[in-house]
K.L.:
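Provided herewith is a single structure, encoded as structure tokens, for subsequent inquiry.
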Amino acid sequence: MLKVMEKQCWRKFTLFVFVLLLTCSAQNAAALTDEECLECHTDPDLTVEVDGRTIQLTVDAEKYMGSVHADNGCVSCHEEADVDDEHPYPMAPVDCSNCHDGEAEIFARSLHGQALEKNDPYAPRCSDCHSKHEILSSSDKNSPTYILNVPFTCGRCHQEGSPMTLTHNIPKKNILKNFSMSIHGEGLYRKGLTVTAVCTSCHTSHNVLPHTDPDSTISRQNVVKTCMKCHANIEEAHTKIVRGELWETEPHKVPACVECHGPHQARRVLYEDSLNDQFCLRCHANKDLKKVMANGDEKSLYVNVDDFEHSIHKEKRIACAKCHVNVDHQNNPVCKDSGKVDCSICHAQVVDLYNKSTHGIKSAKNDKNAPVCSDCHGSHNIMAKSNSESPIFPRNIPELCATCHREGEKAALRYTGTQHDIIMHYQMSIHGRGLSQSGLMVSATCTNCHTAHSMLPSADPESSVNRNNVIKACAQCHLGIAEKFSASIHSSLVSKTNKKLPVCVDCHTSHAINRHDTADFRGMILEECGTCHEHETDTYFETYHGKASMLSGGEKTAKCSDCHGSHDILPAYYSESMLNRRHVVETCRKCHPGSNRKFTGYLTHATHHDRHKYPYLYYTFWGMTGLLLGTFAFFGIHTLFWIPRSFRERFKKRREHSRENIL
């Protein structure tokens, strides 16, 4: 009996499963496919009249197939079309909440959703931002919700002059225009930064609420959190302006981001409204405004308005309060005890370099002679280095540095090195004359070699004028020459030796650099080369070239660099060497047009003093010298022996002559 009952149960279960599968198959058979839908909806003339308006029902099949909904099928959104025959008409509007219930719930509570609930004709629907049948992922560059396209999508309604802005009371005007000119807009449009803030970054995508709503992302209590999504270190960035603990303990005392940075025209400008320049100049434009220091001295607090108006800070719209950050409305005056300006607020990297430099180290030790930012750049009359009136304009830099480094000035007096009259030597150098006489703004000045903010002694390995770095410093202007030098035997990249190798300043000096084609420079070549190549220099003076060089006009005679090259010197066995067999004839022809292969056999540095290098010449010289000395010695001795006999013969002839006269 039990087995019969079990058998009947299995039959019922099998029948139920069969009916269920049959039902599902029937439903699948009844559902319309995308191809069937597109048979009608790809017709460009497919339209319908609704309330006197013609509605286009055409669907671009190619765009639809490229959308994110292509795999879902038409009937996943248009559920009423899921029939065996023609679908009913009119169909109900698509309800996106069937799949996107979370977003739909948020949207319903938003400003847009509330407007839609009130049947506002300009209230946006899902399709207004995401489109209908060609919906793309927000990561797709062609999507209206792609970050670069969001301002244009929002601008359809919020652009000044649109029907929505004309019919609704929106306090902020020219929103899109201001955004495009803001630092966020510049980052997006001009630099293509996809990490910059757009409308949805601050207002969110679906939960758009007025700033008066406490739940809004742009309400006063939430706007800092919104900004910190990108500006994570907002507390650290404002430590110069706001005491850090106020962000946590007394946020109502801290100005919200938008109070200093306009919500749609955010720039690097602080307190433009509350502490603007005009407010500061009410007092500081007075020439008699002074401060009595602790030691009784008076310090002028006067600011020349004309100088400030033509400064780079004014041009960049940097307000007084941007530099003088420690101002407080609770003080009277607001700038009381505000302290010194800290340039690192904006120029952090530059100040870091300065702090590590000789100037910065001395300044940290309160050395009164150490220059600070204002000594070189000015205080309220700071100008761009491209301004010809600026003290840091290339033509003015030598004179600026001379205020301390000219002989007799404070920096020169404490200098203990070997170089003196630095400014005078520079002015007479090819760099100095190129700058002052020829007006060449590309001529090297003090800062080109020593840098502007990282001046260090040449003995410091980090110094730009250290022996290991000086070639790199010179390469900023003389790149081609530096590349040649790096491939020469004098370069540490080629010559693997422990010996000291020459660098630019060894031959050209540091500040008294002359043209290489002047008599003074050519006259010094042998001396410069001779500091390392003493033996070769001595042998040079034994040659025709060497002897001619010591005569008047000898600077025209071939010197070391004429034959060996100047910056591309290589041993003769290098194929690129000027003295290699491939090039030596051409090298000699620079002075001797008729040179040939036999002519180049001339031994330029040959000397009879070097027995190992020139044995034939050595033994020939001493052989000829011995022969000459032997000959002179032999005939000298012969003459010495002949002289007495000569006298005897002379006296004998005289006696014979006298005898003949007597007879």
K.L.:
So, using ring-ring contact (aromatic ring centres under 6.0 Å, His included) as the criterion, who are the partners of His478 when residues are at least two apart?
P.N.:
none

K.L.:
Hey, is CG on Asn295 packed in by over 12 heavy atoms from elsewhere, all under 6.0 Å?
P.N.:
yes

K.L.:
How long is the span from the CG atom in Asn304 to the CG atom in Leu281, to the nearest 0.5 Å?
P.N.:
10.0 Å

K.L.:
Salt bridge check, Lys365 against Asp367: does any charged N sit closer than 4.0 Å to a carboxylate O?
P.N.:
no

K.L.:
Cut-off 3.5 Å, no hydrogens considered: what does the side-chain donor-acceptor table look like for residues 284-292, sequence neighbours left out?
P.N.:
{"residue": "His284", "atom": "ND1", "partner": "Leu301", "partner atom": "O", "Å": "2.8"}
{"residue": "Asn286", "atom": "OD1", "partner": "Asp288", "partner atom": "N", "Å": "3.0"}

K.L.:
With no hydrogens and no angle check, is any side-chain donor or acceptor of Ser561 less than 3.5 Å from a backbone partner on Ser566?
P.N.:
no

K.L.:
Considering only NZ, NE, NH1 and NH2 on the basic side and carboxylate oxygens on the acidic side, decide whether Asp562 and Arg522 come within less than 4.0 Å.
P.N.:
yes

K.L.:
Can you list everything that forms a side chain to side chain contact (heavy atoms under 4.5 Å, CB included) with Ile422? Sequence neighbours excluded, please.
P.N.:
Gln419, His511

K.L.:
Excluding sequence neighbours, so at least two apart, what forms ring-ring contact (aromatic ring centres under 6.0 Å, His included) with His420?
P.N.:
Tyr415

K.L.:
If you measure from NE2 on His380 to SG on Cys320, what distance do you get to the nearest 0.5 Å?
P.N.:
7.0 Å

K.L.:
Who pairs with Met441 by side chain to side chain contact (heavy atoms under 4.5 Å, CB included), at least two apart in sequence or on another chain?
P.N.:
Phe393, Pro394, Arg395, Leu435

K.L.:
Partners of Phe651 by side chain to side chain contact (heavy atoms under 4.5 Å, CB included), sequence neighbours excluded?
P.N.:
Phe647, Arg654, Arg655

K.L.:
In sequence, state the C-alpha distance, the side-chain angles, and the governing distance for Thr518 and Asp520, and then conclude on side-chain hydrogen bond (donor to acceptor under 3.5 Å, both in side chains).
P.N.:
CA-CA 5 Å; Thr518 61; Asp520 289 342; 5.6 Å; no

K.L.:
Do Pro398 and Gln427 touch side chain to side chain, with heavy atoms closer than 4.5 Å?
P.N.:
no

K.L.:
With under 30° as parallel and over 60° as perpendicular, where do the rings of Trp622 and Tyr618 fit, or are they tilted in between?
P.N.:
perpendicular

K.L.:
His545 vs His592 aromatic rings, parallel, tilted or perpendicular, using cut-offs 30° and 60°?
P.N.:
parallel

K.L.:
Between Met578 and Asp568, which heavy-atom pair has the shortest distance, and what is it?
P.N.:
SD-OD1, 4.5 Å

K.L.:
Which heavy atom in Thr537 sits nearest to a heavy atom in Cys529, and how many Å separate them?
P.N.:
OG1-C, 4.2 Å

K.L.:
Kindly write out the residues that satisfy side-chain hydrogen bond (donor to acceptor under 3.5 Å, both in side chains) with Asp375, not counting sequence neighbours, or none if the list is empty.
P.N.:
none

K.L.:
What distance do Thr196 atom OG1 and Arg190 atom CZ have between them, rounded to the nearest 0.5 Å?
P.N.:
12.5 Å

K.L.:
For the atom pair OG (Ser363) and NZ (Lys368), what is the distance rounded to the nearest 0.5 Å?
P.N.:
14.5 Å

K.L.:
Listed by chain and number, what are the ring-ring contact (aromatic ring centres under 6.0 Å, His included) partners of Phe308, not counting sequence neighbours?
P.N.:
none

K.L.:
Could you check whether any side-chain N or O of Ser438 sits under 3.5 Å from a backbone N or O of Leu440, counting only pairs where one atom can act as donor and the other as acceptor?
P.N.:
no

K.L.:
Should we count NZ of Lys496 as having more than 12 external heavy atoms under 6.0 Å?
P.N.:
yes

K.L.:
Could you pull out all residues at least two apart from Lys547 that satisfy side chain to side chain contact (heavy atoms under 4.5 Å, CB included)?
P.N.:
Glu542

K.L.:
Mind checking ring-ring contact (aromatic ring centres under 6.0 Å, His included) for Tyr302 and listing every partner two or more places apart, or none if nothing turns up?
P.N.:
none

K.L.:
How are the rings of His608 and Phe621 set to each other: parallel, tilted or perpendicular (split at 30° and 60°)?
P.N.:
parallel

K.L.:
What distance separates Leu501 CG from Leu493 CG, expressed to the nearest 0.5 Å?
P.N.:
10.0 Å

K.L.:
For the side chain to side chain contact (heavy atoms under 4.5 Å, CB included) test, which of Asn466, Ile471, Val465 pairs with Val503?
P.N.:
Ile471

K.L.:
Take Val372 and Tyr354 through the side chain to side chain contact (heavy atoms under 4.5 Å, CB included) test and state the conclusion after the steps.
P.N.:
CA-CA 9 Å; Val372 294; Tyr354 169 82; 3.9 Å; yes

K.L.:
I'd like to check the side-chain hydrogen bond (donor to acceptor under 3.5 Å, both in side chains) partners of Asn448; sequence neighbours left out, ordered by chain and number.
P.N.:
Thr445

K.L.:
Within this structure, what is the SG-CG distance for the pair Cys404 and Asn369, rounded to the nearest 0.5 Å?
P.N.:
7.5 Å

K.L.:
Could you tell me how the ring of His564 sits relative to the ring of His605: parallel (under 30°), tilted (30 to 60°) or perpendicular (over 60°)?
P.N.:
tilted

K.L.:
Under the rule for salt bridge (Lys or Arg N to Asp or Glu O under 4.0 Å), what residues qualify as partners of Asp352, not counting sequence neighbours?
P.N.:
Lys356

